[in-house]
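Note sheet for the following structure.
Reminder, nothing fancy here: chain letters follow the sequence lines and each chain counts from 1.
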There are 2 protein chains.
Amino acid sequence: MSKKAPIPLKDSCVEAAREVIAEKGLEALSLREVARKLGVSHQAPYRHYPSRDHLLAAVMARCFEDFRMHLESRPTSVDAEHDLGELGRAYLQYANDHPLEYRLMFSTPWPAPAEHPDLVRNAVFAFDVLRNVLRLLAGTMPPEEIDQRALFIWSCVHGLCGIRTGDVMQHLAIAPSVTDLPGEQVLAMISLAMRPV
Amino acid sequence: MSKKAPIPLKDSCVEAAREVIAEKGLEALSLREVARKLGVSHQAPYRHYPSRDHLLAAVMARCFEDFRMHLESRPTSVDAEHDLGELGRAYLQYANDHPLEYRLMFSTPWPAPAEHPDLVRNAVFAFDVLRNVLRLLAGTMPPEEIDQRALFIWSCVHGLCGIRTGDVMQHLAIAPSVTDLPGEQVLAMISLAMRPV
DNA sequence: GTCTAATGTAGACACTGTCAACAACGTCGA
DNA sequence: TCGACGTTGTTGACAGTGTCTACATTAGAC
């Protein structure tokens, strides 16, 4: 028990904020609610985060970190093409298991990002996971073309996740069997599109 | 000049709300701001919309209506496959020209949708545009399979739009030439995937 | 010990959504 | 004509929020 670490308030705030978002939605996130949850005065969090947006940025940065770690912990494979498929599956699974976090990262207006380098950095790190796989898969390919393929693949997978985690989907009267299906279909099509190098 | 229509406040509110969102973002949308913009008391909008969420739902419903009209005004084509391509182009163009509206429709938490049938109805109408094209393209195909294909196509196109209109994109240090490219690529791949009926 | 910086507290302000009471207004039946 | 009535808009109030300022506490360095 290191005496020096009673979980600093700065970290507790991020955790509490995630709970508030999970329980009552992003709209209901307020510094005062976080303070109440932690049993401190309404100004205590303000000492560590200059504004609500800074706390939100910290939460989002944490999400990107978790997301990257989840992607990197996918089943390993030496075959680059197969590895790309595993990456896609890991991506789909994360969005399915953590819809709130997914929405936060990709469907929420970023809070004045120039002031939050951590957020930007962690987001780039997550995207780099895909870049690295493609670099192995494509061998000697100009970086620009790698990014182009990455963007294409990301688009296809993100589209499905964005629709699934969004609100529109719930009200289109589409059968659940239909909803669940296209995951593997999208992945198969991506690997098809990557073939003719 | 019909004496009876000095633009009812109810409609003006939606228009003013769209302006506020365009100028200051969704977060800054408030009934009071709308009232100020229209030069009425802070409670006047409240007479027409029981809550801020109801006004927001009206704005979103209007967006879906505009979106559907834009899709339906695409260049006509008798060839169903070519028509699907035109639909995709129209979709991409709308998201490109109206990123705020696109975000509002597909990346914003819906305000208690059960209470806003207009919103749901207009969203379904927009999705029906795609359904109808596929119905023509696919001939006699069970509705479930049509929805499955619609979801697949929508995923691919929406993914690109969602990424383009999102905030993540702006900070990944990707060359603009790369960003602009995959539009036609995605469409080509969709038509490829639709081929082997 | 004392000085200092970090950390947390208390109070105030403007802003917001929302509720309740009230005023202006046209409409319609007597 | 007139008065009851529903519609629309106004005014005032309340709690909740972000944020500013001033103050208290506390731990560590000298």
Side-chain angles (χ1 to χ4, degrees), chain A residues 1-60 104 108-113 115-116 119, chain B residues 1-60 104 108-113 115-116 119:
Chain A
M1 323 290 166
S2 90
K3 215 179 189 176
K4 255 196 161 178
I7 306 175
L9 183 59
K10 186 165 184 173
D11 292 351
S12 310
C13 285
V14 175
E15 190 122 352
R18 290 180 78 164
E19 286 176 18
V20 173
I21 294 175
E23 290 166 7
K24 308 185 184 179
L26 178 59
E27 310 273 327
L29 173 62
S30 73
L31 285 186
R32 289 174 116 105
E33 177 83 15
V34 167
R36 265 192 301 273
K37 229 176 167 63
L38 297 174
V40 295
S41 80
H42 70 269
Q43 275 294 8
Y46 217 78
R47 188 61 58 166
H48 299 276
Y49 299 95
S51 81
R52 176 188 184 274
D53 277 356
H54 283 77
L55 174 58
L56 182 58
V59 174
M60 291 173 68
L104 205 53
T108 301
W110 279 24
E115 301 169 27
H116 310 294
L119 174 54
Chain B
M1 325 288 164
S2 92
K3 215 177 190 178
K4 256 195 163 180
I7 306 176
L9 182 58
K10 186 165 185 172
D11 292 351
S12 310
C13 285
V14 175
E15 189 122 352
R18 291 182 78 164
E19 286 175 19
V20 173
I21 294 175
E23 290 165 9
K24 308 186 183 178
L26 178 60
E27 309 274 325
L29 174 62
S30 73
L31 284 186
R32 288 175 116 105
E33 177 83 16
V34 167
R36 267 193 300 274
K37 229 176 166 63
L38 297 174
V40 295
S41 81
H42 70 266
Q43 276 292 13
Y46 215 78
R47 189 61 58 167
H48 299 275
Y49 298 96
S51 82
R52 175 188 183 275
D53 278 356
H54 284 76
L55 174 57
L56 182 58
V59 172
M60 292 173 67
L104 205 54
T108 301
W110 279 26
E115 302 170 26
H116 311 293
L119 173 54

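Residues of residues 16-40 of chain B that place a heavy atom closer than 4.0 Å to DNA chain D, in numerical order, are B:Arg32, B:Val40.
Two residues are said to be in side-chain contact when any heavy atoms from C-beta on lie closer than 4.5 Å; A:Leu56 and A:Leu26 meet this criterion. The shortest distance between side-chain heavy atoms of A:Leu55 and A:Pro45 does not fall below 4.5 Å.
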Review item, nucleotides 21-26 of chain D N/O atoms under 3.5 Å of protein N/O:
none

Please lay out, stage by stage, how B:Leu29 and B:Val59 fare under the test side-chain contact (heavy atoms from CB on, under 4.5 Å).
CA-CA 11 Å; B:Leu29 174 62; B:Val59 172; 5.5 Å; no
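Per the geometry, CG belonging to A:Leu55 stands 14 Å off C1' belonging to D:dT19, to the nearest Å. If you take CG of A:Leu9 and P of D:dA27, they are 16 Å apart, rounded to a whole angstrom. Put simply, CG on B:Asp11 is 12 Å from P on D:dT8, counting in whole angstrom units. Nucleotide D:dT8 holds its C1' atom 14 Å from the OH atom of B:Tyr49, rounded to whole Å. Distance, A:Tyr46 OH to C:dA12 C1': 14 Å, rounded to whole Å.
Of all the heavy atoms in A:Ala16 and A:Lys37, the pair that sits closest is O-CD, 4.1 Å. When all heavy atoms of A:Leu31 and A:Ser51 are compared, the closest pair comes out as CD1-C, 4.2 Å.
For D:dG9, the OP1/OP2 oxygens have a side-chain nitrogen or oxygen of B:His48 closer than 4.0 Å.
Not a single donor-acceptor contact under 3.5 angstrom links the side-chain atoms of A:His42 to the base of D:dG16.
Shown here are the side chain to side chain contact (heavy atoms under 4.5 Å, CB included) partners of B:Glu27, two or more places apart in sequence or in another chain: A:Arg52. The salt bridge (charged side-chain N to carboxylate O under 4.0 Å, His left out) search around A:Arg18 returns A:Asp66, A:Glu101, not counting sequence neighbours. With sequence neighbours left out, the salt bridge (charged side-chain N to carboxylate O under 4.0 Å, His left out) criterion links B:Arg36 to B:Glu33.
A ring pair (Phe, Tyr, Trp, His ring centres under 6.0 Å) check over residues 26-50 of chain A, counting only residues at least two apart or in different chains, returns nothing.
Residue A:Ala44 places its side chain closer to C:dG8 than to any other of D:dT19, D:dG9, C:dG8.
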